[in-house]
Amino acid sequence: QVQLVESGGGLVQAGGSLRLSCAASGSIFSISNMGWYRQAPGKQRELVATITTGGRTDYTDSVKGRFTISRDNAKNTVYLQMNSLKPEDTAVYYCKNELLSRWGQGTQVTVSS
């Protein structure tokens, strides 16, 4: 049973930084593409960033240059470094195992102006 557990969310002022972590159980992590998504109140869940097994990354336009996705296969963990945060980044952030279509429980990020 693959489980994903996000951590690192919190309250930060605009312009600040947070680093989200997503720890995965099981041995399938290294062969899984991983993604970070977010869902703001009243909005649909949207893709933020993805990373392939080979380390190729992709970002939604609104976070390019500010967010960085990375992974550590030895620790079965994927990260999302978020810099220059804006109030519009406020959302619940979820990680996803793209191979299994499995979601974590989410972590709240709130950016105050």
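The figures here come from the full heavy-atom set of this structure, side chains too, leaving out hydrogens, waters and symmetry mates.
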**Message:** Would you say T52 and N33 are linked by a side-chain donor-acceptor pair, where the criterion is simply a distance under 3.5 Å?
**Reply:** no
**Summary of salt bridge (charged side-chain N to carboxylate O under 4.0 Å, His left out) pairs that have at least one residue in residues 67-79, sequence neighbours excluded** = none
**Request:** Taking all non-hydrogen atoms of both residues into account, name the closest pair between A40 and A91 and its distance.
**Result:** N-CB, 3.8 Å
**Message:** By the ring pair (Phe, Tyr, Trp, His ring centres under 6.0 Å) test, which pairs, at least two apart or in different chains, include something from residues 79-113?
**Reply:** Y37-W103
**Asked** Any side-chain heavy-atom pair from M82 and V12 closer than 4.5 angstrom?
**Response** no
**Asked** Could you give all pairs that pass the salt bridge (charged side-chain N to carboxylate O under 4.0 Å, His left out) test and reach residues 98-107, with sequence neighbours left out?
**Response** K96-E98
**Fellow cluster residues of L11, listed by chain then number, with links counted only when side-chain atoms sit under 4.5 Å apart** = none
**Request:** Show your working on salt bridge (Lys or Arg N to Asp or Glu O under 4.0 Å) between D61 and K64 and close with a plain yes or no.
**Result:** CA-CA 5 Å; D61 286 346; K64 285 180 180 177; 3.0 Å; yes
**Message:** Less than 4.5 Å apart, side chain to side chain, heavy atoms only: is that true for L99 and T53?
**Reply:** no
**Prompt:** Hey, does T60 have a side-chain heavy atom less than 4.5 Å from the side chain of L47?
**Reply:** no
**Atom of N97, atom of L4 and distance for their closest heavy-atom approach** = N-CD1, 3.5 Å
**Asked** Under a 4.5 Å cut-off applied to non-hydrogen side-chain atoms, are S32 and M34 in contact?
**Response** yes
**Message:** The criterion is salt bridge (Lys or Arg N to Asp or Glu O under 4.0 Å); which residues satisfy it with R45, sequence neighbours excluded?
**Reply:** none
**Complete:** For E46, the salt bridge (Lys or Arg N to Asp or Glu O under 4.0 Å) test, sequence neighbours excluded, returns R38
**Prompt:** When clusters are formed by joining ILVMFWY residues with side-chain heavy atoms under 4.5 Å apart, either directly or through shared neighbours, do W36 and V92 land in the same one?
**Reply:** no
